[in-house]
Q: 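Handing you a structure now.
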Number of protein chains: 2
Amino acid sequence: MQPQIEAEVSERLRGTGLRLTPGRRRVVAALTDAGGPRTAAEIHAHLRRRIPLSSLYRSLAVLEESGVLASHHGSGPQRKYELAEWLRGHHHHLVCLGCGRIEDVELDDQAERTLHGLAGEVAAGSGYAASGHRLEIEGLCGGCG
Amino acid sequence: MQPQIEAEVSERLRGTGLRLTPGRRRVVAALTDAGGPRTAAEIHAHLRRRIPLSSLYRSLAVLEESGVLASHHGSGPQRKYELAEWLRGHHHHLVCLGCGRIEDVELDDQAERTLHGLAGEVAAGSGYAASGHRLEIEGLCGGCG
DNA sequence: TTCCTTGCAAACGATTTGCATTGGA
DNA sequence: TCCAATGCAAATCGTTTGCAAGGAA
């Protein structure tokens with residue numbers, strides 16, 4: 001995990017009296033390396049099972065409550081975790097319908113502005129005040145195509 | 001549920017030797033009325049609990065396997081079901097961060113073309129062949145804003 | 001009569017929690 | 001010393017399944 005991320009996470013946790021322990025550091029590092037959202041089981045495997053699942057889930061919960069991680073469900077029954085946008089940067093997801101792989105992608109500035117504007121207009125049309133948007137692009141990855 | 005939807009669903013089920021039973025019809029009707037994706041528990045409540053949960057889940061599974069429904073997870077732990085696009089039409093979702101409400105929205109043709117093109121380009125840039133896209137717009141609804 | 005469908009209860013997988021212990025500041 | 005963090009086991013929640021009874025074609 002990059003040192004600046006580690007420092008930011010540590011500071012964020014300290015703000016509520018929490019600690020960036022070795023276990024939590026490894027969880028954040030695993031997600032920093034991942035390149036996309038990952039399930040608890042995937043993180044657990046990546047860490048070579050050196051953390052009990054219950055502790056891993058507790059770390060994930062603490063990190064999510066602290067705003068370090070964000071989670072959502074994909075198509076499967078397991079929750080997927082990723083670094084929050086303020087750490088990872090704004091991005092979207094490519095979902096391979098063949099192998100289930102999910103990958104982060106960033107839009108170039110112009111495309112992002114277009115999307116942002118479009119989302120704001122659509123929301124306003126239904127009486128919503130838009131604050132964010134998420135795009136999932138489904139298709140076949142290079143290996144499955 | 002609109003008669004044409006009922007007929008299409010019935011025919012789709014018959015194609016694999018399945019039946020559109022009263023229970024299944026009520027499930028489809030509940031989702032036709034809903035205006036957005038709903039969890040099994042929400043559908044169950046809407047049907048006044050007149051169907052055991054296990055039967056409801058079985059109906060949902062059959063309807064999804066037959067391509068009548070699609071399901072995905074949102075931010076919560078429960079799966080959400082909605083009519084498949086060939087019945088409901090292509091659309092996106094507005095998510096209220098205040099009350100959790102999720103609503104369908106349709107883009108106008110131009111916006112949809114823009115989004116479609118953008119998704120295709122982004123996917124190609126990562127070696128993916130795009131076949132679909134899903135946009136979730138987060139914000140505050142009229143009541144929560 | 002055949003096979004789909006339903007209801008009930010039990011099973012299941014993912015995630016959470018109680019409790020006692022460990023360990024950092 | 002105090003409170004957060006951990007490990008283990010048990011509990012919980014949403015969902016699925018086995019099995020026997022009911023019902024349509």
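Quick note on labels: first sequence line is chain A, next is B, and so on, each numbered from 1.
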Q: Which whole-number value in Å describes the distance from A:His44 NE2 to D:dT6 P?
A: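 Computing the A:His44:NE2 to D:dT6:P distance gives 13 Å.
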Q: Taking only nitrogen or oxygen atoms into account, show me every contact under 3.5 Å that the protein makes with nucleotides 14-18 of chain D, one pair per line with its distance.
A:
| residue | atom | partner | partner atom | Å |
| --- | --- | --- | --- | --- |
| D:dT15 | OP1 | B:Arg79 | N | 2.8 |
| D:dT15 | OP2 | B:Tyr57 | OH | 2.1 |
| D:dT15 | O5' | B:Tyr57 | OH | 3.2 |
| D:dG18 | O6 | B:Arg58 | NH2 | 2.5 |

Q: Report the distance from atom CZ of A:Arg25 to atom C1' of D:dA5, rounded to the nearest whole Å.
A: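 A:Arg25 atom CZ is separated from D:dA5 atom C1' by 14 Å.
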Q: Could you tell me how far apart A:Arg50 (CZ) and D:dG7 (C1') are, to the nearest whole angstrom?
A: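 Atom CZ in A:Arg50 sits about 17 Å away from atom C1' in D:dG7.
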Q: Would you say A:Thr21 reaches D:dT6's phosphate, i.e. side-chain N/O to OP1/OP2 under 4.0 Å?
A: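 For D:dT6, OP1 or OP2 has a side-chain N or O of A:Thr21 closer than 4.0 Å.
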Q: With sequence neighbours excluded, tell me which residues meet side-chain hydrogen bond (donor to acceptor under 3.5 Å, both in side chains) with B:Glu65.
A: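 Partners of B:Glu65 by the side-chain hydrogen bond (donor to acceptor under 3.5 Å, both in side chains) criterion come out as none, since no residue qualifies.
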Q: Atom CD of A:Glu65 to atom C1' of D:dA5: distance rounded to whole Å?
A: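 The answer, rounded to whole Å, is 14 Å.
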Q: Per the salt bridge (Lys or Arg N to Asp or Glu O under 4.0 Å) rule, what does the pair list look like for residues 40-53 of chain B, sequence neighbours excluded?
A: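 The answer is none; no pair qualifies.
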Q: Given the rule in the salt bridge (Lys or Arg N to Asp or Glu O under 4.0 Å) test, do A:Glu6 and A:Arg25 qualify, once you have shown the distances and angles that lead to the verdict?
A: CA-CA 7 Å; A:Glu6 180 163 335; A:Arg25 181 176 290 116; 2.7 Å; yes
Q: Identify each atom pair where a protein N or O and an N or O of nucleotides 21-25 of chain C are less than 3.5 Å apart, giving names and distance.
A:
none

Q: Rounded to whole Å, please give me the gap between CG in B:Leu20 and P in C:dC4.
A: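 Result: 16 Å.
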Q: Got a sec, which residues hit side-chain hydrogen bond (donor to acceptor under 3.5 Å, both in side chains) with A:Glu8, two or more places apart in sequence or on another chain?
A: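 Partners of A:Glu8 under the side-chain hydrogen bond (donor to acceptor under 3.5 Å, both in side chains) test: none.
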Q: Enumerate the residue pairs fulfilling salt bridge (Lys or Arg N to Asp or Glu O under 4.0 Å) with a member in residues 126-145 of chain B, sequence neighbours excluded, ordered by first and then second residue.
A: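 Sorted result for residues 126-145 of chain B: A:Arg134-B:Glu136, A:Arg134-B:Glu138, A:Glu136-B:Arg134, A:Glu138-B:Arg134.
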Q: Under the 4.5 Å side-chain heavy-atom rule for ILVMFWY, direct or indirect, which residues accompany A:Val95?
A: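 Cluster partners of A:Val95: A:Ile102.
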Q: Can you tell which of D:dT6, C:dT6, D:dA5 lies closest to the side chain of A:Ser59?
A: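 Selected nucleotide: D:dT6.
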Q: Just to verify, what does B:His72 make a side-chain hydrogen bond (donor to acceptor under 3.5 Å, both in side chains) with, not counting sequence neighbours?
A: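 For B:His72 there are no side-chain hydrogen bond (donor to acceptor under 3.5 Å, both in side chains) partners, ignoring immediate neighbours.
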Q: Side chains of A:His73 and B:Gln78 only: does a donor on one sit below 3.5 Å from an acceptor on the other?
A: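 Absent: no donor and acceptor within the cut-off.
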Q: Using whole Å, report how far CG of B:Leu47 lies from P of C:dG7.
A: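 Going from B:Leu47 (CG) to C:dG7 (P), I get 12 Å.
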Q: Report for the helix from C:dT1-D:dA25 to C:dA25-D:dT1: angle between first-end and last-end helix axes, five pairs each, rounded to 10 degrees.
A: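 The angle, to the nearest 10 degrees, is 30°.
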Q: Could you pull out all residues at least two apart from A:Ser66 that satisfy side-chain hydrogen bond (donor to acceptor under 3.5 Å, both in side chains)?
A: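 Counting only residues at least two positions away or on another chain, A:Ser66 forms no side-chain hydrogen bond (donor to acceptor under 3.5 Å, both in side chains).
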Q: Could you tell me how far apart A:Leu56 (CG) and C:dT17 (P) are, to the nearest whole angstrom?
A: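 Value for this atom pair: 15 Å.
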Q: Can you run down the salt bridge (Lys or Arg N to Asp or Glu O under 4.0 Å) pairs that involve residues 91-102 of chain A, sequence neighbours left out, and say none if there aren't any?
A: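 Every salt bridge (Lys or Arg N to Asp or Glu O under 4.0 Å) pair that includes a residue of residues 91-102 of chain A, provided the two are not neighbours, is A:Arg101-A:Glu103.
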Q: For a quick test of your reading: what N or O donor-acceptor pairs under 3.5 Å do the side chains of residues 114-121 of chain A make, sequence neighbours left out?
A:
| residue | atom | partner | partner atom | Å |
| --- | --- | --- | --- | --- |
| A:Thr114 | OG1 | A:Gln110 | O | 3.0 |

